[in-house]
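This report refers to the structure that appears directly beneath it.
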Amino acid sequence: MDANRFDLPGADIAWCPGCGDFRILESLKKALLELGLSPLDVVVVSGIGQAAKTPHFMTSHFFNGLHGRSLSNATAIKAANPSLKVIAVGGDGDMYGEGGNHFTHTIRRNPDITNLVYNNMVYGLTKGQASPTSQIGFKTPVQVEGVSSHPFNPVASALIAGATFVARGNAGDVEQTKELIKRAMEHKGYALVDIFQPCVSFNNLNTYKWFSENTYWLEDHDEGDFEKALSLVMAEAPFPLGVLYREEGRPTFAETLLAYRENKEPLFRRKASRNAVRKIMEGMCS
Amino acid sequence: MDANRFDLPGADIAWCPGCGDFRILESLKKALLELGLSPLDVVVVSGIGQAAKTPHFMTSHFFNGLHGRSLSNATAIKAANPSLKVIAVGGDGDMYGEGGNHFTHTIRRNPDITNLVYNNMVYGLTKGQASPTSQIGFKTPVQVEGVSSHPFNPVASALIAGATFVARGNAGDVEQTKELIKRAMEHKGYALVDIFQPCVSFNNLNTYKWFSENTYWLEDHDEGDFEKALSLVMAEAPFPLGVLYREEGRPTFAETLLAYRENKEPLFRRKASRNAVRKIMEGMCS
Amino acid sequence: MHFSSLEGRTDLSCVFCGAAGLGIQTVEDLLARVIVNEGLYVFGSREYMSRVRGGSNSTEIRISSSPVDALVDRIDLLFALSAGVRENIRERITPDTVIFGDRDELKEEADELGGTFVNIPLQDIAKEVGGKIYSNSVAAGFLFGILGLGLDGAREFFEQRFADKKPEVVEKNMKAARTGFDQGEALVEKKGLLDGYTRLKEKESMILSGTDAVGLGALAGGCTFAAAYPMSPSTGVLTFLASHAEECGVAVEQVEDELAAINMAVGAAYAGGRSMVTTSGGGFALMTEGVSLAGVVESPVVIHLAQRPGPATGMATRTEQGDLLHALFSSHGEFPKAIYAPGTLESAFKITQKAFATAWSYHTPVIILTDQYFVNSFRNLSPETFEFLPELPEIEKTGPNYRRYEDTPDGVSPYGIPGWGEGIVGGDSHEHDEEGHVYEDFHLRTRMQDKRMRKLEGMKREALPPTLIGPEKYETLVICWGSTLPIVREALKNLGRADTALLAYEQVWPLHSSTEEYLRKASRTVMVEGNSTAQFARLIRCETGVALSGSVLKYSGLQFSVEEVEKRLTEFLSGKEGSR
Amino acid sequence: MHFSSLEGRTDLSCVFCGAAGLGIQTVEDLLARVIVNEGLYVFGSREYMSRVRGGSNSTEIRISSSPVDALVDRIDLLFALSAGVRENIRERITPDTVIFGDRDELKEEADELGGTFVNIPLQDIAKEVGGKIYSNSVAAGFLFGILGLGLDGAREFFEQRFADKKPEVVEKNMKAARTGFDQGEALVEKKGLLDGYTRLKEKESMILSGTDAVGLGALAGGCTFAAAYPMSPSTGVLTFLASHAEECGVAVEQVEDELAAINMAVGAAYAGGRSMVTTSGGGFALMTEGVSLAGVVESPVVIHLAQRPGPATGMATRTEQGDLLHALFSSHGEFPKAIYAPGTLESAFKITQKAFATAWSYHTPVIILTDQYFVNSFRNLSPETFEFLPELPEIEKTGPNYRRYEDTPDGVSPYGIPGWGEGIVGGDSHEHDEEGHVYEDFHLRTRMQDKRMRKLEGMKREALPPTLIGPEKYETLVICWGSTLPIVREALKNLGRADTALLAYEQVWPLHSSTEEYLRKASRTVMVEGNSTAQFARLIRCETGVALSGSVLKYSGLQFSVEEVEKRLTEFLSGKEGSR
Ligand SMILES: Cc1ncc(C[n+]2csc(CCOP(=O)(O)OP(=O)(O)O)c2C)c(N)n1
Ligand SMILES: Cc1ncc(C[n+]2csc(CCOP(=O)(O)OP(=O)(O)O)c2C)c(N)n1
Ligand code: SF4
Ligand code: SF4
Ligand SMILES: [Mg+2]
Ligand SMILES: [Mg+2]
């Protein structure tokens, strides 16, 4: 297969020069290549935001829905056809703000999808308001005296909600982030990769430099140790990067659906169950 | 003041005989009495559900809004008039399901409100579907083969989101739960009291007996120890009851609002700031 | 003795009222089954409070020699099972109403209600049998006694219902029923009230509700994916689908909120699931952004919207037709949709299939508007009256140059899905090019907007025509939509005016092209609808310019009754009632 | 030399186009300020892509001796600051257009664009000064040169803008501007293009945008609480309020989603805050359940809805008038609301105050419909033209028997709040009794629904009448609403037809009672509106039965231009264009 197969020739990439999103896209495409996937195997699902533009800058199936709702789209796409590789991509506002409720409840369902969050701690596309992950004191045209709300901790929240795979990457570290994405995609169940991403236009606090100075890659970490993971992610900076937690064997959302108990066909292969309907009608006759 | 002042004479209480909600109402009214409050001091805010009917069964100011949105109503009520005592009441579906996003983000703001959640691990009013806190395997007419999603852990989630007061009570323990409510109301900042509540009509798994057998009241617990609190709430049954965590001194939502920096009047006492408007217009002239 | 007014009648209206939790539902089911097995017709309709126990609910059960499917005010037999009979029942009691109840329970009420009161010592009998919970069986038995039916049907029913309980449960219920039966039988002196009713040779033995009809229609229509958040009165359809998920191969999920429901439905449809959601007004309001998404990504999603009175929480367990314009105009931006509003069980079954067909022919959201009255009412009919529409065609494989939004003459692009074929399948909530990539070009925008709106032309051509009931040549035309059809039909039949016809709509958008002609032929037009602003009348004016002469509106939370429609139409026809 | 076509003209249209991030915004601000300080009139309108850097945006700046407030197609002077001039600009270039640009940057494009190309070595000059970022100042200086203005204004502007930067920033910008200036001045041989323009004695020196006008109106109207989630093009109002939160005593919060925004607004209003939200179509869709809540709890909330093209994400930074019926009919259940649609900055200021007044007189949601074109356009005027409405009355204390939903003849109950008086103050999303407690009674329901709907009568009486512009006696009536007012007005002025008048609506619901009469007096009626289904025309038909003769619609994402309206109205009047 072609090594450029995930590129989209002629795409007008709408990100600012120098944006961390370019690096993440690179990691993502490399990961897909190294996993030996074809663009026809993969559906990239997204909401709205700079991060959420990703599917328009590469080649694969894509579904670019509403701001904040991509996890619902993605869960259902995977449930409708479990043979697809489904990746939900978005920003911190998209996934943790507008989409916060789906974030929690999607994790509880454990669908077999990969969730990439480009966490730049700001609303990029709408030009620089605070996001749920913005740090206390971060000033913007709306938060004129700086953010005062307690920052949302995505990785800790995912752990508490029951995520079976939780990782954190850094846009600047293309190779390592690529590895995380690969591992997330290989994981059976919901996999979060929260990726620190510098926004060069609106976040002059959390820069490439800041991220590299305030993070470290985990080594010799026991990925199965929930308590350890929790204490790691609750600690102050520097923030650990890598696979924080992983749990195998929990049934995936599709596996819990009665629709698949007997019948393994994807939904589009099914005919209306008219015999069953006639049986139900019979049952209503006595 | 009259000891029955929070009762509502002639109220037709719509709960099922034996429901845990009666006990919680008793705890709540007792707490308000013991705090020496008048019904004119207090606003009980709620959403929709059996728990959320509470304000219709007692005397105080009340605002019964939409399913899932009471924390937004309550945050704004308190922000509009910080001298009011604001209590947001609802069920587990209301607060953690439909209202889940507001749960997280309200906590992050730390408004000075008390949040009581009647946690019966089921949707009562809509007749017995699973709620976010339902246990794995719990069967209902919709979850015909039992719940398969990982249960939502409200107290742990509140801790992670930055709640400054987190407690858990049990409807069956009226006195102790009353104490928790009092303490929550005395706390300056957001205070969660998640209250285990038997639903006698739709939950035959989590009964009075089950709750008393699977819980214990904390003793000699250091309420300021976040890590301890987190490990307590992540543990399997039996579940600890009491004030799990408390942190003083974090600014409340109203305190962070620039509207109150100079001017301490509640919003309704303010006139349109026409001089300021004229100044802004002048500023647009050069 | 008490029943002189019922002599010669072949249509009986029994009403049970009492607190929730007394087992009225069981009596309903039992009664309906036995009556149908007798070869008679039954219709039942419930009104109930938004609470689980206590309060005061009622069920009307009509029993007839000929098909019945409409709510009446008349109460022939009233079973008052608890004290506190509410105003809406009291208003319907006439001197002809025979009221049964336990005087120990009802106390003074027994004599205040009007009608003829007959005491049944329900509590005493029940206590003797084994407890208060048997009082409903006593009442049921009593009713069988006065109706002149045996108790074999009851035994069969109890055995089925309590199959997984101890055998003594059946026996105790039978004992309660038997004691009631003897008392009832004694009252009618061996000539039961149903004695003069002709029986069917071929029983019409399927008993089902509006909920069931929609649920069955969805399954027959090919539904393979359903996501919903519980909300009265729409939850029944979720429960129905969940209970048949395995045998019918439908993925069913209860979600965290309505936003998830619609976005899952759209996601599933993108990957080839034939998806639906079920909700009520407030839940639909939360879905409107997602409906707009379905519009622009051209997603075939079916939305069941069971109406209840608003605004906001309104009356959670009551009925109204107040969400028509909400269903039509909510969602930002402009895109085609279809809105159906079945009036009968047969058409609910057919129309729900049709909704899937329309959604999958035009790749756009389709709404089925029902209401609390419709989904909670039941009647019997023969399974043969349920028509199966042709199955939806299979989804074709995409070719390598597949474009999801290919611009075509009729606006409909070939529907491809990921994982089936060689093409890349895109979906985009922005304005997009034919491949689905966001692209800001003003000509493209206009072209794509035109493409999507063109689909409405085809949908208009395929719109269900309204049904004209009554004389082809009419002076007065009465119009209704959705669940009021049987009620208005029966009212007009009773009025028996040769100059008056009914035009009943079961698709309210897009309107069938015959509308204006029908209206222009009438010298007077009147709308009967269950809301306070005459929404369908407004829509008709918007589309045809024709202002109807008047409207008969109701928005109390209860459905119209046949008598009420008769009375108010008579007033209207005699010039007394204008629009209100 | 190049400017012969501009001779004698007193109305100049300059367009800047280029990638985002080149500082065009600064040029805009600088130019506007200097021109206004000269005693001239300015109008500016931007169109831009949904991206932060790159792409291709443009701004039109009209400079005139008389007030200007409408978009034109004509481009007299075009500054092409980067390569890739887009189709929508190219289409507007005529042989009379003079194009300025850096040939090194534009390459072949320079010659393909049409018009007369004049090379300015922007990059070289900028590089000499200190870097690419100075190229915008070179262009600005150049323009000042050809306009015949000095550079004093520029210095003043830079000093103000860069007050918190190092002084050398001002100097470098001035150096860039000076170099550009000299080249420009040379070009016009000392006689600037604005030489013939008469100057005002009393400058109209306030420059502001639609966003500013709405924001100021909100503050003047007494707004004390605002909650919003960012969404283009409505975010500006949030930013505006946030930046004045302290001095104006307004509580401003950016929330987690639009559901929180509307529910906070309703909560704040319950406790006496005068609240507003600001959003766009998709965000409003998410609020519709909360708007219904406001309807039933009778909550005075003001909603600013800045429209952009849908469905769904649509075109995030573009304009449309596609959400009229969405604003009117979304939300379940029936309740009164008012919808305003200001057409000018003065009326935006006044109407936003009026929106608060209406909300607080009738305790119901009020919507202000603007659009991307409106909020992002700016012009200058005198602060005196901004009218302050009377302040809202203070909230009265409740008495001990206070009932929030007291049933009154006009449907308006006294507005009490908790913490102010001796009464208990309730609020309930269910149907409720006068105290606000949920109570299921069918007569009560009807009575309370009637009570709420009665408020609409008063609101109708107070509706803003449409403005008739042109002859009182007209044959043809052109109708428009909202932001197109100045454009259609200018187009009709240019057409100069004595038989044609404009009827401009700035309140679209409830409609003023004069509507039908205005329409009936015309022999031809035509709607000009920015959507694909002629929504306002449909609404008018729904309310009056009158079908307009035609409509001129646009839904490309761009606003109508004066010339386009002229052309299409001419076609319509000569029978060439029907409805499209
Ligand atoms: C319902 C809705 N509300 C608001 C918006 C506007 N909006 C678009 S993107 C965005 C936030 C972007 O921030 P983030 O998700 O962090 O992505 P980033 O641009 O930073 O990558 C917002 C608020 C929208 N499109 N839809
Ligand atoms: C938008 C919306 N969706 C759904 C409903 C229906 N509804 C009412 S209460 C409820 C859940 C009740 O469960 P919970 O909050 O746990 O309260 P409980 O009755 O158990 O006390 C639901 C789904 C609603 N009123 N509004
Ligand atoms: S605004 Fe920030 S996040 Fe968006 S593309 Fe630019 S740098 Fe990246
Ligand atoms: S249904 Fe359950 S929660 Fe509701 S009142 Fe009855 S027992 Fe209580
Ligand atoms: Mg971001
Ligand atoms: Mg519950």
Side-chain angles (χ1 to χ4, degrees), chain A residues 8 11 39-41 43 45 48 53 55-56 59-66 68-81 83-84 101-102 104-106 109 253-254 257-263 265-274 276-282 284-286, chain C residues 33 160 205-208 212 216 219-225 227 244-253 255-257 259-261 263-275 289-290 293 297 383 386 388 391-392 395 417-420 422 424-430 436-438:
Chain A
L8 180 60
L40 294 179
D41 301 330
V43 187
V45 186
I48 299 298
K53 289 178 178 173
H56 295 292
T59 291
S60 73
H61 298 300
F62 64 97
F63 186 88
N64 181 187
L66 298 169
R69 314 292 163 207
S70 62
L71 286 175
S72 300
N73 303 143
T75 299
I77 291 168
K78 183 74 186 181
N81 188 349
S83 70
L84 297 167
N101 209 30
H102 312 307
T104 304
H105 295 283
T106 299
R109 283 184 190 101
F253 176 55
L257 288 171
L258 293 179
Y260 287 110
R261 191 182 272 186
E262 293 286 310
N263 187 342
E265 293 268 36
L267 300 186
F268 80 92
R269 300 291 285 161
R270 301 176 184 210
K271 302 206 137 254
S273 39
R274 295 201 162 176
V277 172
R278 288 205 177 81
K279 272 222 186 88
I280 301 169
M281 282 165 56
E282 263 168 44
M284 291 173 166
C285 291
S286 65
Chain C
R33 177 47 62 207
Q160 207 174 314
S205 57
M206 184 165 77
I207 305 178
L208 82 174
D212 299 328
L216 285 170
L219 294 174
C223 177
T224 52
F225 187 94
H244 299 295
E246 187 170 353
E247 70 212 79
C248 297
V250 190
V252 179
E253 178 67 356
V255 288
E256 60 273 26
D257 57 27
L259 300 89
N263 282 288
M264 278 202 189
V266 171
Y270 163 79
R274 289 180 296 263
S275 49
E289 196 202 12
L293 173 69
V297 300
F386 270 27
F388 285 83
E391 287 225 30
L392 302 187
I395 293 174
I417 56 171
W420 190 234
E422 295 162 85
I424 290 289
V425 179
D428 187 22
S429 72
H430 302 89
H437 283 301
V438 49

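A, B, ... follow the sequence lines: proteins, then strands. Residue 1 opens every chain.
- When the candidates A269(C), S275(C), C248(C) are compared by the number of heavy-atom contacts under 4.5 Å with chain A, C248(C) comes out ahead.
- Contacts of N101(A) with chain C are made by both backbone and side-chain atoms, with heavy-atom separations under 4.5 Å.
- Note on A265(C), A227(C), A251(C): by heavy-atom pairs under 4.5 Å with chain A, the leading option is A251(C).
- Comparing S72(A), S273(A), A74(A) by heavy-atom pairs within less than 4.5 Å of chain C, the highest count is held by S72(A).
- Chain A forms more heavy-atom pairs under 4.5 Å with one residue of G436(C), G273(C), C223(C) than with any other, namely G436(C).
- For R109(A), the salt bridge (Lys or Arg N to Asp or Glu O under 4.0 Å) partners are E253(C), E256(C), not counting sequence neighbours.
- Contact tally against chain C (heavy-atom pairs below 4.5 Å) for T104(A), T75(A), L66(A): the top residue is L66(A).
- Residues H437(C) and F62(A) bring their aromatic ring centres within 6.0 Å.
- For chain A, the option among G272(C), S205(C), A271(C), G419(C) with the highest count of heavy-atom pairs below 4.5 Å is S205(C).
- With a 4.5 Å cut-off on non-hydrogen atoms, L71(A) does not touch chain C at all.
- Partners of E246(C) under the salt bridge (Lys or Arg N to Asp or Glu O under 4.0 Å) rule, at least two apart in sequence or in another chain, are R261(A).
- Within the 4.5 angstrom heavy-atom criterion, only side-chain atoms of L257(A), from C-beta onward, approach chain C.
- Of the residues considered (P55(A), S83(A), G65(A)), G65(A) shows the highest number of contacts with chain C, using heavy-atom pairs under 4.5 Å.
- We find the CG-OG1 distance between L40(A) and T59(A) to be 10.0 Å, quoted to the nearest 0.5 Å.
- The CD atom of Q160(C) sits 8.0 Å away from atom CZ of R33(C), with the distance rounded to the nearest 0.5 Å.
- For chain C, the nearby part of S60(A) is the backbone; its heavy atoms alone come within less than 4.5 Å.
- With respect to chain A, the highest number of heavy-atom pairs below 4.5 Å among V297(C), L259(C), D212(C) belongs to L259(C).
- At least one donor-acceptor pair under 3.5 Å links the side chain of R274(C) to the backbone N or O of G222(C).
- For the set H105(A), M281(A), H56(A), the count of heavy-atom pairs under 4.5 angstrom toward chain C peaks at H56(A).
- Within the 4.5 angstrom heavy-atom criterion, only backbone atoms of V252(C) (N, CA, C, O) approach chain A.
- Under a cutoff of 6.0 Å and an axis angle of 45°, R270(A) and Y260(A) form a cation-pi pair.
- Heavy-atom pairs under 4.5 Å with chain C peak, among E265(A), R269(A), K53(A), at R269(A).
- The contact between I395(C) and chain A is made entirely by side chain atoms (from C-beta outward), counting heavy-atom distances below 4.5 Å.
- With values rounded to the nearest 0.5 angstrom, K78(A) atom NZ is found 12.5 Å from F253(A) atom CZ.
- If you measure heavy-atom distances from V438(C) to chain A, the contacts under 4.5 Å come from both the backbone and the side chain.
- Here the CG-CG distance, from N64(A) to N73(A), works out to 9.5 Å after rounding to the nearest 0.5 Å.
- Rounded to the nearest 0.5 angstrom, I207(C) CD1 and M284(A) CE are separated by 10.5 Å.
- The main-chain N or O of A220(C) is found under 3.5 Å from a side-chain atom of R274(A) such that the two form a donor-acceptor pair.
- When A260(C), A245(C), A261(C), P383(C) are compared by the number of non-hydrogen pairs under 4.5 Å with chain A, A260(C) comes out ahead.
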